[in-house]
Amino acid sequence: VCVLYRHSRTRKYESELHMCRLEVLAVEFSEYHPLKAITVTDSKSRRGGRKGSTSSSSSSSSSVAPDPLSSMLDGTDPLSLFAAVIYVTVIVTSELGRKRKEKEEEVGSDFEPWSSKRGEILSRFTTTEKLSINLFMGSDKSKASSPSSAVSEKVRTRLEELDDLEEGSQRELLNLSQQDYVNRIEELNQSLKEAWGSDQKVKALKIVIQCRKKKILHQNFVCQCSKLLSDTSVIQFYPSKFVLITDILDTFGGLVYDRIWSMCADPHPLPESFSADDVNDTAKETCLNWFFKIASIRELVPRLYVEAALLKCNRFLTKSGIQETLQRLTAMIRGIGDPLVAVYARVYLCRVGMEVAPHLKDSLNKNFFDLLASFRQVHGESVQNLLVLQRVEIPIYLTLYSPAIHWILQCVAHRAPEVLLTEMMDRCKKLGNNALLLNSVMWAFRAEFVATRATDFIGMIKDCDEAGFPKHLLFASLGRSLSVADPPESERLSILNEAWKVITKVRSPRDYINCAEIWVEFTCRHFTKREVNTVLADIIKHITPDRAFEDAYPQLQSVIKKILTYFHDFSGLFSMEKFLPFLDMFQKDSVRVEVCKSIMEVFINALMLDDEKRALSLLINGFIRMVSFGRDFEQQLSFCVEARATFCNLEPVIIQLIHTVNQLAMETRHVMKGNHSRKTAAFVRACAAYSFITIPSLTSIFSRLNLYLLSGQVALANQCLSQADAFLKAAVSLLPEVPRTISIEGKQRSSEPFLLDFINNFLSTLLVVPDHPEQGVLYLVRGLLNMVQDYTWEDNSDTKIRVYISALPLLAAMGQESYLYTIPKVDSNETLYGGDPKFIAEINKLCETLISQVLDHLKGLGRDEGVRRQGSLAFSLSGCLLAHGDLRNNKLNQLVVNLWNLSHKHGFCDTRTSVRTLEYIKHQAQQADMSHLSDVTARLSLQSRA
């Protein structure tokens, strides 16, 4: 590359400008008028005639100008035709997707999905005890048999493999931490997906299930995982273990269903609303094989879980298969002796049932009623002995049931009639108002139903035994419902009094504030500041001792926000006796600031504030543009200084002031001449100082960059070279701070297009900027390119290379004896260096470096995904060299041809642009001093179209 760009071609700008001017022709006005009707000739080629016939054309003329929108009325415009094709294509292919989506949304958006509860359970139920996993890991002794093996040999091999399942194929992982346990389960889940997806039967054998090529199936990994749900040796971790294991079961069920579904795709895929009659025999046989093998599992818990995981597959067999299976599995759970294991088995069955057949409410209700019937086991001897052995208190043990009962009741209560709540309350009363069940009932049913029965619930809460489940938790659940739904007005005061009698007796500050924070909203919602003040006084009384408030800042902040939601009177708020003492509890500086901000946001709407700022800025900017002190420019500048101090928080106003000062500097240059030149220079320097000090206060980085460039141009136009130099260097030093994305109208957009646009403008300015005598040749150009080189660009971005290509025309222009444009009374580099060979050599050296960088980048884009970008960059570089390079240099000439061919190699180049470029080069070749371009055009070919 060292000799490719030895010289830029010599430019004669005046003659080039003359050639570019349009030819002036005389117009007969008697024959032409802009409003006169236009005659349009329509030529159509006729193809497909008999063999040997020549194509003919027909022309038709019309005195009426065609309306580009008229064809839209008869449906023949391109957009209408395109829309029609798209409709026909999409409406058919999307119908199945629409039905699938409707099926998935049949439960409704008002139903909280299991996925939202999963994370909460995993974070809540943890343990420090060591865990173990005992799983079948498969055997590596099996060998492939040749096709010629005897039948007896095959049978013997299969029997040996079956023996492996019983002997020596168990692997127990001991002493696992909770995180190790979670990681191991998730790894196995991922391995299951990968093995199934890649159809690796041997690996799937070890992970998912033992498969024979024909009918011998043996559940392996899934069955063993399900067995883990029978283990309650670390009982506090059981809910989290249930979540992890059922994730694997969900994966397994989905894979089996999809595999059977794929068997029904020949010759046509099944419709979403298919019936068992639509399923072919092969798919049915495979499905039955799965269920037959599941039936052979001896243990109850794994057999139940695996069959529940494949519940949806019953659709392939019979119409009523899902309903019958749900009823049978519901009855099977009654055989599980451990109540905790049984309740989570019901959770999984209800979850799968809601996903597959949410309309089958009978099984949901039976599961809940069976739960109520078996709940007495919680206080049985076996459970109590287990709790003593694991040193778990009964209140902690009961919390393990909360997620399960919540979920089952949510399924039961979903879109259930109000009468069902009455039935549930009656059943709870028969069980002695079990606190855990009562709490779940209040969580599950609609808040409106609970609110209308608030007094009844309070009576039931009073009768609950507080030993197993504290009453303040029950009042917290009731308070959540009453915060969004209103009880009867006549009962509100008594409800508050009864609730607060219990809340105020809670001794633990943490438990107290968690419950009180919920009931604050009910108090604010229905009562006056007098009652709210009483509640605040009680909170202060409980939270102040031992500085307990330091551990309750989130709850205390929530109390403030709820008060501010319902009390908008600033004077009334601060007239409450206990409001300021309540604020005094926020003694941590960061928290105090947040609370004060939340108070201010109530009285100053943040959104309206932004709108008002925008509106005010427009009005103020209009006023600033109208202010004029005539030729008293110093008074005008003083006005801008005062306005900057007054409107320092309104960024649009600050930007307008900087523009005004720059405009003021330019006006001074034209008005104050002659004897006032020194005074003018001093004033312009003052304007530059104003801008230089003010620009850094702006938050928008592109506003700063553009204003640095503008102010530098203004300083340069006023012969203030040191000030211009400072502005331009500040802009270059700011480039590394440009973020990769910026917010535009509330959306994140890549900043690279804006950065490229700014750099191109910056490069055009550098042509007239003289080098600093102490900084070296082309120091600003080098500084800019160094910043571009070090900037962190986006992955797979070509912006840096486009900057390099944009810099080549600037360097070519700098090498000319006479520059394209200059600034009066400012000596540019053409005057400073006068075409000095050393200066030209520096330019050529920098050009060679840039071209080398571009070519290296093009080589890296030779792969499939980069050929389109490669073609675009190659075309840009070839166009740049054609316009500015001296193509009498043979190697540069050859490089241009190679780049042109590379840009057209893969067919991504715009043919219209290529044709116009080629026509321009041919036109240039007609000039006497450009005749060497004829050889170039002869070697430039256009891409072929298939």
Side-chain angles (χ1 to χ4, degrees), residues 112-127 129 131-135 176 178-189 192 221-254 299-311 329-330 332-333 335-355 364 367-368 370-371 374-375 377-378 383 386-387 390 392 396-411 436 440:
E112 185 179 7
W114 175 258
S115 57
S116 65
K117 298 180 180 293
R118 181 183 181 279
E120 179 187 352
I121 295 175
L122 290 175
S123 62
R124 179 182 174 188
F125 298 97
T126 60
T127 183
E129 299 288 335
L131 304 166
S132 64
I133 303 178
N134 191 344
L135 290 178
L176 298 177
Q178 176 182 322
Q179 189 58 49
D180 293 337
Y181 188 96
V182 172
N183 292 341
R184 180 58 180 159
I185 294 297
E186 291 181 349
E187 287 173 6
L188 293 172
N189 193 7
L192 168 60
F221 177 68
V222 174
C223 181
Q224 294 291 332
C225 283
S226 302
K227 284 184 180 181
L228 294 176
L229 294 175
S230 302
D231 177 23
T232 57
S233 57
V234 185
I235 200 167
Q236 290 176 266
F237 185 65
Y238 190 85
S240 293
K241 179 164 65 173
F242 169 80
V243 169
L244 297 171
I245 300 303
T246 53
D247 283 349
I248 295 179
L249 289 166
D250 292 340
T251 300
F252 173 67
E299 296 88 346
L300 173 61
V301 172
R303 182 169 74 251
L304 187 147
Y305 272 104
V306 175
E307 186 169 2
L310 301 187
L311 178 66
L329 295 181
T330 299
M332 284 173 59
I333 297 176
I336 299 177
D338 191 312
L340 185 65
V341 176
V343 74
Y344 276 96
R346 298 188 190 282
V347 168
Y348 189 65
L349 186 59
C350 291
R351 179 158 72 82
V352 175
M354 285 295 290
E355 293 173 358
L364 298 174
N367 271 287
F368 180 69
D370 285 352
L371 166 64
S374 63
F375 201 75
Q377 294 178 281
V378 171
V383 173
L386 178 63
L387 297 183
Q390 298 196 30
V392 176
I396 301 298
Y397 176 69
L398 289 178
T399 59
L400 303 179
Y401 286 84
S402 295
I405 299 177
H406 281 4
W407 175 260
I408 295 174
L409 267 173
Q410 179 186 337
C411 297
L436 182 61
S440 297

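The structure presented is a predicted model; accordingly, all values stated were derived computationally and were not measured.
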Original post:
Taking NZ, NE, NH1 and NH2 as the nitrogens, is one of them in Arg303 or Glu299 under 4.0 Å from a carboxylate oxygen of the other?
Top reply: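 Not counted as a salt bridge, because no side-chain N and carboxylate O are separated by less than 4.0 Å.
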How far does [atom1] of [X] sit from [atom2] of [Y], to the nearest 0.5 angstrom?
X      : Y      : atom1 : atom2 : answer
Ile408 : Leu371 : CD1   : CG    : 5.5 Å
Tyr344 : Leu349 : OH    : CG    : 15.5 Å
Asp247 : Trp114 : CG    : CH2   : 9.0 Å
Asn183 : Tyr181 : CG    : OH    : 12.5 Å
Leu228 : Ile248 : CG    : CD1   : 8.5 Å
Gln178 : Leu122 : CD    : CG    : 8.5 Å

**OP:** Taking all non-hydrogen atoms of both residues into account, name the closest pair between Leu436 and Ser402 and its distance.
**Re:**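 Smallest heavy-atom distance, with atoms named: CD1-OG, 3.5 Å.
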Original post:
What heavy-atom pair brings Tyr397 and Pro339 nearest, and what distance separates the two atoms?
Top reply: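 Of all heavy-atom pairs spanning Tyr397 and Pro339, the closest is OH-CG, 3.9 Å.
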Subject >> Identified side chain to side chain contact (heavy atoms under 4.5 Å, CB included) partner of Arg346 from the options Ile333, Ile336, Leu329 >> reply: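 The option that passes is Ile333.
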Would a distance-only check, ignoring hydrogens and angles, find a side-chain to backbone donor-acceptor pair under 3.5 Å from [X] to [Y]?
X      : Y      : value
Tyr238 : Leu229 : yes
Lys241 : Val234 : no
Lys117 : Pro403 : no
Gln410 : Glu112 : yes
Gln390 : Thr232 : yes
Ser240 : Phe125 : yes

Original post:
Side chains of Val378 and Tyr401: closer than 4.5 Å at any heavy-atom pair?
Top reply: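 Yes, side chains in contact.
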Subject >> Any side-chain heavy-atom pair of Leu387 and Val383 under 4.5 Å >> reply: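 A side-chain contact under 4.5 Å exists here.
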Original post:
What orientation do Tyr305 and Tyr348 show, parallel under 30°, tilted 30 to 60°, or perpendicular over 60°?
Top reply: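 Geometry flag for Tyr348 against Tyr305: tilted rings.
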Subject >> Leu364 vs Met354, side-chain contact (heavy atoms from CB on, under 4.5 Å): CA-CA, chis, key distance, verdict >> reply: CA-CA 9 Å; Leu364 298 174; Met354 285 295 290; 3.6 Å; yes
